[in-house]
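For the numbers below, each heavy atom of this structure counts, side chains included, while hydrogens, waters and symmetry mates do not.
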Amino acid sequence: MPIPPARTSGNAVVCRQIVKEFGTGDTRTLALRGVDLDVLPGQMTLLVGQSGCGKTTLISIIAGLLNVTSGSLSVLGEDLIKTVGTQLVRFRQKNIGFVFQQYNLLPTLTAVENAAVPLIIAGQPRRQALEAAKEILASVGLANRMHQLPNQLSGGQQQRVAIARALVHEPRLLVCDEPTAALDAQSGQTVMELLRRVALQTDRAVIVVTHDNRVFNFGDRIVHMDDGIVTRVEIPNH
């Protein structure tokens with residue numbers, strides 16, 4: 001039976017029966033086995049579960065970086081299954097920020113230049129883009145590191161540059177893959193407080209994949225995954 005299009009119902013993200021396969025034949029791997037998930041605006045949603053359970057695959061699909069094998073997906077009211085090519089690229093540039101676990105910084109650019117990349121790609125004048133990047137870097141505690149190259153920064157500092165880059169264009173949906181993994185407790189707290197402020201804006205939503213139980217108290221909803229499906233959704237008492 002065909003899967004009906006996801007109904008947004010005002011939600012930032014609506015996944016219905018999302019399936020993702022990699023490979024074919026003997027190498028076929030079923031990464032997601034029918035995920036149903038709602039992400040609400042004005043909230044931070046944490047995705048938790050053992051390594052290999054499908055969390056990163058799921059957020060990559062939500063961010064438009066991977067195609068689904070089957071299922072229905074609405075992101076910020078857009079049917080992402082039908083959004084392809086240049087239209088998808090423009091939608092991501094305008095609406096989605098993604099924090100990669102491996103940072104993905106450009107090694108020949110300074111911290112402020114890396115953070116400004118999304119604005120420059122979007123056509124903003126370089127000077128304005130750099131000024132905006134300076135502000136967001138200062139907000140993540142890197143005011144005195146913005147002119148250094150990635151190889152002159154610690155892992156934690158590189159992660160904060162990556163977060164600044166994801167925030168600089170003020171995306172409506174921010175997706176983070178283990179944003180505190182390389183940070184000490186204090187830096188992790190600072191980053192999560194910043195992400196929390198972003199999440200609490202009514203027209204925005206934040207999804208965070210994490211193994212770090214130190215940050216569970218920041219989540220409005222904690223979505224537990226196992227073996228490619230959502231097993232339960234926990235709503236903490238704040």
Side-chain angles (χ1 to χ4, degrees), residues 1-6 11-39 45-76 78-93 95-107 117 121 150 155 158-159 162-163 165-166 171 173-182 205-213 221-234:
M1 172 183 272
I3 298 170
N11 291 346
V13 177
V14 180
C15 300
R16 293 292 178 265
Q17 290 298 295
I18 295 294
V19 173
K20 180 59 179 178
E21 298 177 358
F22 293 101
T24 58
D26 293 341
T27 64
R28 176 177 172 269
T29 301
L30 193 57
L32 299 177
R33 302 188 298 112
V35 170
D36 290 327
L37 174 68
D38 295 322
V39 175
T45 298
L46 304 185
L47 285 183
V48 304
Q50 296 296 317
S51 295
C53 71
K55 303 184 302 296
T56 297
T57 299
L58 179 58
I59 61 170
S60 297
I61 286 172
I62 290 171
L65 301 176
L66 284 177
N67 296 322
V68 303
T69 300
S70 64
S72 178
L73 172 63
S74 169
V75 177
L76 302 173
E78 186 85 6
D79 184 344
L80 226 59
I81 307 298
K82 296 180 179 179
T83 307
V84 297
T86 302
Q87 185 181 4
L88 177 59
V89 171
R90 289 175 179 168
F91 178 80
R92 287 203 316 258
Q93 286 178 348
N95 295 291
I96 299 175
F98 198 105
V99 180
F100 297 91
Q101 189 172 359
Q102 300 302 322
Y103 319 140
N104 286 8
L105 301 178
L106 297 172
V117 163
I121 290 175
Q158 290 182 59
Q159 181 67 297
I163 290 169
R165 179 184 58 192
L173 176 64
L174 182 64
V175 182
C176 309
D177 194 0
E178 300 282 2
T180 63
V206 176
I207 304 173
V208 176
V209 166
T210 184
H211 286 97
D212 187 354
N213 57 17
R221 300 168 85 233
I222 302 177
V223 177
H224 296 260
M225 292 187 67
D226 186 37
D227 195 22
I229 61 171
V230 172
T231 55
R232 65 187 175 96
V233 177
E234 178 185 353

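Proximity of P179 to V208: side-chain heavy atoms (C-beta onward) are separated by under 4.5 Å at one or more points. Contact check for K20 versus V35: no side-chain heavy atoms found under the 4.5 Å cut-off.
A donor-acceptor contact shorter than 3.5 Å links the side chain of R165 to the backbone of Y103. A donor-acceptor pair under 3.5 Å is formed between the side chain of D36 and the backbone N or O of Q17. Put simply, the side chain of K55 never gets that close to the backbone of H224: no donor and acceptor are under 3.5 Å apart. Listed for the R221 side chain is no donor-acceptor partner under 3.5 Å among the backbone atoms of V233.
The heavy-atom pair separating Q158 from P150 by the smallest distance is NE2-O, 3.3 Å. Across all non-hydrogen atoms, the minimal contact from I96 to I62 is CD1-O, 4.0 Å. When all heavy atoms are compared, the tightest approach of A205 to A12 is CB-CB, 3.7 Å. A pairwise comparison of heavy atoms in V99 and A162 identifies CG2-O, 4.2 Å as the closest pair. Nearest approach of L88 to G64, heavy atoms of both residues: CD2-O, 3.7 Å. Of all heavy-atom pairs spanning L58 and M225, the tightest one is CD2-SD, 3.8 Å.
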F98/V175 under side chain to side chain contact (heavy atoms under 4.5 Å, CB included): CA gap, chis, key distance, verdict: CA-CA 5 Å; F98 198 105; V175 182; 3.9 Å; yes

Verdict with reasoning, L46 to I222, per side chain to side chain contact (heavy atoms under 4.5 Å, CB included): CA-CA 5 Å; L46 304 185; I222 302 177; 4.3 Å; yes

T45/V13 under side chain to side chain contact (heavy atoms under 4.5 Å, CB included): CA gap, chis, key distance, verdict: CA-CA 11 Å; T45 298; V13 177; over 6 Å; no

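To the nearest 0.5 angstrom, L37 atom CG is 9.5 Å from L73 atom CG. To the nearest 0.5 angstrom, T210 atom OG1 is 5.0 Å from E178 atom CD. Here OG1 of T69 is found 8.0 Å from CG of L30. Values are rounded to the nearest 0.5 Å. Atom CZ of F91 and atom CG of L80 lie 6.0 Å apart (nearest 0.5 Å). One distance of note links CG of L65 with OG1 of T57; it measures 11.5 Å at 0.5 Å rounding. Between the CG atom of L32 and the CG atom of D227 there is a distance of 10.5 Å, given to the nearest 0.5 Å.
Around the CZ atom of R90, the shell of radius 6.0 Å holds no more than 12 heavy atoms that belong to other residues, nucleotides or ligands. More than 12 non-hydrogen atoms from other residues, nucleotides or ligands lie less than 6.0 angstrom from CG of N104. E234 CD: more than 12 foreign heavy atoms inside a 6.0 Å radius.
Of the N and O atoms on the side chains of D212 and T180, at least one donor lies less than 3.5 Å from an acceptor on the other residue.
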